[in-house]
Structures are given as C-alpha cells and as structure tokens.
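Heads up, the thing below is written out as structure tokens.
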Amino acid sequence: SMLRHTQGRWAGRPLKPDPWQIAYVLAPVFGWVHWDLDSGLLVRVVRTALVDISRKNGKTTLAGGGALYLTGADGEQGAQVLAVAASKDQAGYCFMPVRTLVEKSPQLKKYFKPYAKRIVHPSSGSYFQAVASLGDLLHGANVHGGVIDELHVHKTREVVDAVETGTAARSQPLILIITTPDDGRPGSIYAEKRDYLERLVRGIFVDYSFFGVVWAAAESEAALYAGGLDVFGEAAWKLANPGYGVSPSRAFLTGEAPAAEPPGAGASPP
C-alpha cells in the first residue's frame with residue numbers, strides 16, 4: 001500500500017494489488033509459514049516461486065514490490081536482495097523501475113535510500129541491486145532474496161545458480177521468478193524450471209518449498225468451447241492474461257492478435 005503507480009493514467013496513485021495477484025502470488029508465497037526449529041521462528045514455507053505470465057500484466061511492478069519487501073520489511077538484518085539479469089542492459093531494466101517505485105513513494109523514501117546502482121535500507125543494513133555476472137556478486141554473498149525477471153532470456157545459468165546457492169545461510173530466503181514463457185526450447189534454464197513445476201503438479205514428487213502458477217490457454221480447456229478454443233479470440237486472451245481489461249487492455253490485444261496469427265489461418269468462433 002506504500003507503493004505508487006509510476007506510469008500512465010494511474011501515475012501517483014496508491015498501487016493496490018489486484019485480487020489475482022493476492023490470491024495466486026502474494027498470499028501463498030508470503031503467507032504460508034511453518035515453525036523453524038533452527039531459528040525458533042515462524043518462517044516461509046516457499047523458497048522458490050515461479051510466476052509464468054504473459055507480458056503487460058504488471059509483473060515487473062509485482063516483482064519490484066516483492067524485492068522492496070524482502071529488503072526492508074522482512075525483519076532480516078543485512079539482507080542482500082538481488083535482481084538477476086541476463087546482461088548489463090537488462091540489469092538496468094530490472095533495477096530502474098524498482099528505484100522509481102522508491103522515489104515516487106513519499107512513505108518509502110523515509111526508509112530507503114536510492115542510489116545509482118543500489119537501494120539501501122539503512123536501519124537493517126540491507127540493500128537491493130541488480131547483478132548480471134559472477135563478477136557483480138560479492139565474494140561469499142549471503143543472499144536473502146533474488147528476483148529473476150524474464151528467466152527465459154538467460155542463455156546461461158551461472159548467475160542464477162550462484163544466487164540460488166547463496167541463500168543457504170538464511171532462515172527464510174526467497175527466489176521470486178516472474179517471467180514470460182519462451183518458445184519451448186529444450187535445455188534452457190526456463191525449460192528446466194517449468195518442467196520441475198509441471199512434474200510437481202502431476203504429483204511425480206513433493207516439494208513444498210517450490211511454488212508455481214502459470215497463466216495460459218491449456219489444450220485441455222479447448223473442450224470447454226464448442227468447435228475448439230480459438231487462440232486468437234477473447235476467450236483465450238482471458239485465460240492467458242489475468243489482468244485482461246486493465247493491463248493488457250482489450251484494445252491492445254485486439255490490435256496485436258492479427259499480427260500474431262499465421263497467414264491463412266482462419267479464426268474459428270470461441
């Protein structure tokens with residue numbers, strides 16, 4: 001509730017999470033806790049969360065809010081919270097929106113100090129920054145949180161692996177992965193995480209520390225529609241975009257759908 005919209009017609013207004021963001025991301029990831037014998041505290045059950053969602057559904061803002069919470073509101077002293085980027089350029093794309101969230105919030109500016117490459121929470125000695133290479137990581141990094149925005153663009157896994165393994169000394173670390181899907185390339189780190197989630201869903205094994213949610217038009221849902229599900233129609237858009245009608249807007253997807261439809265493909269009614 002301390003965050004503010006930073007762009008468009010809602011700029012400056014309080015950023016109120018949508019019901020789908022609370023029900024499918026914030027509540028299960030941050031609200032499911034258990035008693036930890038080592039620390040003697042209630043800690044989060046979920047340590048890795050994969051949110052697989054289409055573009056323009058506010059995922060960067062959601063990830064940024066999660067990063068700031070882990071940095072300054074999680075009760076963790078000396079928290080190192082890292083945005084894991086695939087390149088130097090993407091590191092800026094990960095960091096700048098979060099810094100803007102701090103700068104545009106009168107309440108958050110009381111607690112956070114935004115700098116060129118790092119956001120600091122002085123009272124706890126914690127910070128948030130983006131990393132794009134192993135050289136960006138501090139030697140012996142003690143990571144409390146990692147935010148991986150757009151996992152599918154990572155061509156190698158070294159930085160992601162280093163951040164994940166750097167959480168071992170924390171009592172309730174969280175790696176938050178918010179990404180759009182890729183084109184199904186086998187062997188990528190995105191494919192590995194997505195496959196892990198799908199095997200969990202099928203009950204092949206149990207891992208309560210890994211949580212995931214995917215928005216998509218599944219093949220099994222085509223049977224619900226007479227004549228099949230038109231992937232270029234509004235019914236499919238709603239399945240793949242929980243923010244449909246707000247972001248992305250109906251007008252945006254109406255304009256984009258014809259460009260995505262293969263030549264000669266006839267659209268069947270939903």
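Note that the structure is predicted; figures quoted are calculated from it, not measured.
Summarising the geometry of Pro28 relative to Ala23, their closest heavy-atom pair is CD-O, 3.4 Å, with the distance given to 0.1 Å. Nearest heavy-atom pair, Pro173 versus Thr167, reported as atom, atom and distance to 0.1 Å: CB-CB, 3.5 Å. Leu3 approaches Leu108 most closely through the heavy-atom pair CD2-CD1, 3.3 Å. Across every non-hydrogen atom of Ala116 and Arg99, the tightest pair is CA-NH1, 3.4 Å. Listed here is the closest heavy atom pair of Gln77 and Ser126: C-OG, 4.2 Å. Of all heavy-atom pairs spanning Thr71 and Ala67, the tightest one is OG1-O, 2.7 Å.
A distance-only check finds no donor-acceptor pair linking the side chain of Asp195 to the backbone of Ala191 [under 3.5 Å]. In terms of modelled atom types and a separation under 3.5 Å, the side chain of Thr165 and the main chain of Ala162 share a donor-acceptor contact. A donor-acceptor pair under 3.5 Å is formed between the side chain of Gln90 and the backbone N or O of Ala86. The backbone N or O of Ala240 lies less than 3.5 Å from a partner atom in the side chain of Ser54, making a donor-acceptor pair.
Atom-to-atom distance recorded for Leu239:CG and Trp215:CH2 is 12.5 Å, nearest 0.5 angstrom. For the atom pair NZ of Lys88 and OG of Ser133, the computed distance is 4.5 Å after rounding to the nearest 0.5 Å. Note: Tyr127 OH to Ile119 CD1 = 13.0 Å, rounded to the nearest 0.5 Å. Summarising the geometry, atom CG belonging to Leu101 is positioned 13.0 Å from atom NZ belonging to Lys109; distances are rounded to the nearest 0.5 Å. Going from atom CD of Gln172 over to atom CZ of Arg170 covers 10.5 Å, rounded to the nearest 0.5 Å. Separation of atoms CG (Asp149) and SG (Cys94) is listed at 5.0 Å; rounding is to 0.5 Å.
Cluster membership for Leu151 and Val214, using ILVMFWY side-chain heavy atoms within less than 4.5 angstrom, is shared. Taking hydrophobic clusters as Ile, Leu, Val, Met, Phe, Trp and Tyr residues chained together by side-chain heavy-atom distances below 4.5 Å, Ile22 shares a cluster with Leu176. With hydrophobic clusters built from ILVMFWY side chains whose heavy atoms lie under 4.5 angstrom apart, Leu41 does not share a cluster with Tyr208. Under the 4.5 Å side-chain heavy-atom criterion for Ile, Leu, Val, Met, Phe, Trp and Tyr, Val33 and Leu174 are members of distinct hydrophobic clusters. Cluster annotation: Tyr93 is not connected to Val160 through the hydrophobic network of ILVMFWY side chains, with a link wherever side-chain heavy atoms come within less than 4.5 Å.
When side chains are defined from C-beta on, Thr180 counts as touching Glu150, because their heavy atoms get closer than 4.5 Å. Inter-residue side-chain proximity for Ile53 and Val213 is flagged as unmet; no heavy-atom pair is nearer than 4.5 Å. In this structure, Asp18 and Pro242 have side chains that are not in contact, with every pair of non-hydrogen atoms separated by 4.5 Å or more. Counting heavy atoms from C-beta outward, Thr48 and Ile177 have side chains that approach closer than 4.5 Å.
With respect to the salt-bridge test (charged N to carboxylate O, under 4.0 angstrom), the residues Asp74 and Arg44 qualify.
A donor-acceptor pair shorter than 3.5 Å can be found between the side chains of Asp52 and Tyr190.
Partners of Tyr69 under the ring-ring contact (aromatic ring centres under 6.0 Å, His included) rule, at least two apart in sequence or in another chain, are Phe30. A search for salt bridge (Lys or Arg N to Asp or Glu O under 4.0 Å) contacts involving Lys193 returns Glu164, not counting sequence neighbours. Under the rule for a side chain to side chain contact (heavy atoms under 4.5 Å, CB included), the partners of Asp207 that lie at least two apart in sequence or sit in another chain are Tyr196, Leu200, Phe205, Ser209, Phe210.
Checked against Gln129 for a side-chain hydrogen bond (donor to acceptor under 3.5 Å, both in side chains), the options Gln80, Lys117, Arg118 give a single hit: Arg118.
Between Phe95 and Phe128, the angle of the ring planes stays under 30°, which puts this pair in the parallel group of the 30/60° scheme.
Ring pair Phe211/Trp32: centre-to-centre distance not below 6.0 Å.
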